[in-house]
Peer 1: 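Encoded as structure tokens, here's the structure I'll be asking about.
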Amino acid sequence: MKETKKVQRTQAAFALFNALGLTEEEMNRPLVGVVNSFNEIVPGHMNLDKITEAVKAGIRIAGGTPIEFPAIAVCDGIAMGHQGMKYSLVTRDLIADSTECMAIAHRFDAMVMVPNCDKNVPGLLMAAARLNLPTVFVSGGPMMAGHVSGEKVSFSKICEAIGAYTAGKLSKEALDDYECNTCPTCGSCSGMYTANSMNCLTEAIGMGLKGNGTIPAVYSERLRLAKHAGMQVMEMIEKDIRPRDIMTEKAFYNALTVDMALGCSTNTMLHLPAIAHECDVTINPDMVNAISDKTPNLCHLAPAGSTHMEDLNEAGGIYAVMNELNKKQLLHTDCMTVSGKTVGENIQGVENRDPETIRPIDHPFSPVGGLTMLRGSLAPETSVVKQSAVLPEMLVHEGPARVFESEEEAQEAINAGKIVPGDVLVIRYEGPKGGPGMREMLNPTSAIMGMGLGNSVALITDGRFSGATRGACVGHVSPEAAAGGPIAFVKDGDLIKIDIPNRQLDLEVDEAEMAKRKANWKPKKPSITTGYLARYAKQVSSANEGAILK
């Protein structure tokens, strides 16, 4: 093997390495930190021990010494609908910070990140950018779709089934069938939810090898991918390829373009700006909308449609999507990737094997991208909606506000049948500061869909949504209520107009009345005043900036 660059360590450190049982041969090779996000509570992580062992085998094959350490992770599905969801987004920064601490304290030569699920993918990408050591990502992979009554299903279906059962539209036996058969095995839930969105965008931005986002968790092909990731990081050391060589402004442009084509989770509008911030790159709403304007939406994976991650993989995966986009020169193909090759070299000749799962560039689901940013008198800075998952009749909607000070209040009203067609639910004080922690709102959005109100009721919040959410659901309203944004001054009965094609979100209340309300406004008292969340609330920025800590 060619001599590789290594961090110089003292004999005192070597004495401690001896205590670990490392041989002189192992100590004289590059030390590669392997961040294993394994735990026993997240279904997307239950296979990461095997993935990590495969990564370590690959590192040893290529002449390195792997050193494993852990990263925490919260399962958003299990944390959903209660106080625990306040602790989900905030772990992104804990993961980034703790990984930075471990890598610098122990002077690793390179890193392999082994994440899955929602917050440890962006958290580890943030850490990779800070550390700027040669780094490869290999995720645990997506879950296979479940099967209920002969139909493929994913996690969003059980959530909507609960709403249907509450409304008396589904039997208890049918609900139990969904419970037992929706999530059949390990992996990140099988739709284009946040975890799979971020794993796919890791591949698109160049930080993961081909298949990182789509090869199912249960396939042996993923173990081979993990071994290749371990081998590839050694080549990156040799060639001195680092994350900031890869995660450039052009690479983020590519990631946003693929995001629009796939119809990813709205959470990518929190995570991509936060990762970009660590790379000294700025992503703003105008940039997002400009990319959305010219990027066709090529995929309708669950919850937007009936296809799942396994179908996207069989169709050719992310490289097939990128190759379609490149037919209209929508990508920067000169960007470097962890493969040691450019984007253009990676995607050349990759075939789209299923034109229904990945629509050809000339026959898209929509001529514009899956996400769009809305502004207006209710969201002067910005808000976000997954327009590819909105029913056509709800792309423009005007209705009276039904205002709730928390997710729990809104859920109680929905379950009690107090929400009627035409209503616009407003859930506030759920933003990064106001939550604190910016909870996902999958339960109320699923209940609305399950009760058959998805074609007549909209939901607006300064909180956020699960990638499993579909419908006219506008999140990340900025400024948030806790910061004195207009959403804090909405009253029951106020008319709210949503115009997604024209990217408008407006409160139909005149300026004089708004000024009067603002003058009399008193912010809601924080629900949590101690511990990590209290510190987080003091430091966190607006969702408009990616909810980064300042």
Side-chain angles (χ1 to χ4, degrees), residues 83 85-90 92-93 266-267 269-274 276-277 282-286 288 373-385 401 403-410 424-441 459-465 473-492 494 496 498 503-507 509 511 513-550:
Q83 191 85 337
M85 179 46 71
K86 294 178 184 288
Y87 288 86
S88 172
L89 178 61
V90 303
R92 184 185 72 183
D93 296 276
T266 52
N267 283 313
M269 294 300 104
L270 285 174
H271 300 323
L272 286 177
H277 176 75
T282 299
I283 292 175
N284 61 54
D286 294 327
V288 173
M373 314 298 284
L374 311 181
R375 281 194 177 109
S377 58
L378 189 50
E381 290 178 354
T382 191
S383 59
V384 64
V385 63
V403 182
F404 302 95
E405 306 297 309
S406 70
E407 177 188 0
E408 287 85 355
E409 286 184 17
V424 179
L425 277 75
V426 176
I427 305 178
R428 62 191 179 197
Y429 292 102
E430 291 285 4
K433 288 183 182 294
M438 201 179 187
R439 286 192 287 185
E440 290 183 343
M441 303 286 164
L459 190 153
I460 293 168
T461 181
D462 54 7
R464 63 194 180 94
F465 300 117
C473 302
V474 182
H476 307 190
V477 171
S478 301
E480 63 175 290
I487 193 172
F489 315 130
V490 182
K491 292 185 176 181
D492 277 343
D494 288 346
I496 292 175
I498 304 166
R503 294 177 174 147
Q504 287 293 123
L505 179 62
D506 290 307
L507 177 64
V509 175
E511 291 183 11
E513 173 62 20
M514 286 296 285
K516 181 180 176 182
R517 293 180 187 182
K518 188 170 184 178
N520 296 323
W521 174 68
K522 291 182 180 179
K524 181 183 174 184
K525 290 182 179 180
S527 59
I528 295 176
T529 57
T530 60
Y532 178 56
L533 281 181
R535 298 198 305 274
Y536 181 88
K538 291 176 182 177
Q539 291 183 283
V540 70
S541 75
S542 167
N544 185 51
E545 299 177 78
I548 59 174
L549 298 185
K550 290 188 174 181

Peer 1: Would you say Leu505 and Ile496 make side-chain contact, with heavy atoms under 4.5 Å?
Peer 2: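 Yes, at least one pair of side-chain atoms sits under 4.5 Å.
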Peer 1: Which pair of heavy atoms, one from Ser478 and one from Ser542, lies closest together, and at what distance?
Peer 2: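 Between these two residues, the closest heavy atoms are OG-OG, 3.3 Å.
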Peer 1: Closer than 3.5 angstrom, by distance alone: can the side chain of Tyr532 be matched with the main-chain N or O of Val90 as a donor-acceptor pair?
Peer 2: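 A pair under 3.5 Å: yes.
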Peer 1: Could you tell me whether the side chain of Ser527 and the main chain of Gly435 form a donor-acceptor pair under 3.5 Å?
Peer 2: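 Such a contact is found between Ser527 side chain and Gly435 backbone.
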Peer 1: May I ask you to decide if Pro285's main-chain N or O and Arg375's side chain share a donor-acceptor pair within less than 3.5 Å?
Peer 2: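 A pair under 3.5 Å: no.
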Peer 1: Please tell me if the side chains of Ile460 and Ile498 come closer than 4.5 Å, counting only heavy atoms from C-beta onward.
Peer 2: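 The answer is yes; the side chains approach within 4.5 Å.
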Peer 1: Looking at Phe465, is its backbone amide N or carbonyl O close enough to the side chain of Asn267 to form a donor-acceptor pair, meaning the two atoms are under 3.5 Å apart?
Peer 2: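 Side chain of Asn267 to backbone of Phe465, a donor-acceptor pair under 3.5 Å: yes, one is there.
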Peer 1: Please walk me through it: do Val509 and Phe489 pass side-chain contact (heavy atoms from CB on, under 4.5 Å)?
Peer 2: CA-CA 10 Å; Val509 175; Phe489 315 130; over 6 Å; no
Peer 1: Please confirm whether the backbone N or O of Ala537 pairs with a side-chain atom of Lys433, one donor and one acceptor, at under 3.5 Å?
Peer 2: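 Between the backbone of Ala537 and the side chain of Lys433 there is a qualifying donor-acceptor contact (under 3.5 Å).
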Peer 1: I'd like to know whether Lys524 forms a salt bridge (Lys or Arg N to Asp or Glu O under 4.0 Å) with Glu405, so could you lay out the CA-CA distance, the side-chain angles of the two residues, the decisive distance to 0.1 Å, and finally the verdict.
Peer 2: CA-CA 9 Å; Lys524 181 183 174 184; Glu405 306 297 309; 5.4 Å; no
Peer 1: Under the salt bridge (charged side-chain N to carboxylate O under 4.0 Å, His left out) test against Arg464, which residue among Glu440, Glu407, Glu480 passes?
Peer 2: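 Single salt bridge (charged side-chain N to carboxylate O under 4.0 Å, His left out) partner of Arg464 among Glu440, Glu407, Glu480: Glu440.
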Peer 1: Counting distance only, does the side-chain N/O of Ser383 pair as donor-acceptor with the main-chain N or O of Leu374 below 3.5 Å?
Peer 2: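 Yes, because the side chain of Ser383 sits within donor-acceptor range (under 3.5 Å) of the backbone of Leu374.
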Peer 1: So which heavy atom on Ala481 is nearest to which on Arg428, and how close?
Peer 2: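 In this case the closest contact between Ala481 and Arg428 is CB-CB, 3.9 Å.
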Peer 1: To check you understand the geometry: which heavy-atom pair defines the closest contact between Gly434 and Ala482, and what is its length?
Peer 2: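 For Gly434 versus Ala482, the nearest heavy atoms are CA-CB, 3.5 Å.
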Peer 1: Identify the heavy atoms of Ile283 and Pro273 that sit nearest to each other, and give their distance.
Peer 2: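 Shortest heavy-atom contact: CD1-N, 4.0 Å.
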Peer 1: Taking all non-hydrogen atoms of both residues, which atom of Ala547 and which atom of Leu89 are closest, and how far apart?
Peer 2: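 The answer is CB-CD2, 4.1 Å.
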Peer 1: Has Arg92 got a side-chain atom pairing as donor or acceptor with Ala274's backbone, closer than 3.5 angstrom?
Peer 2: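 Not confirmed, Arg92 side chain does not pair with Ala274 backbone.
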Peer 1: Closer than 3.5 angstrom, by distance alone: can the side chain of Asp462 be matched with the main-chain N or O of Val477 as a donor-acceptor pair?
Peer 2: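 A pair under 3.5 Å: no.
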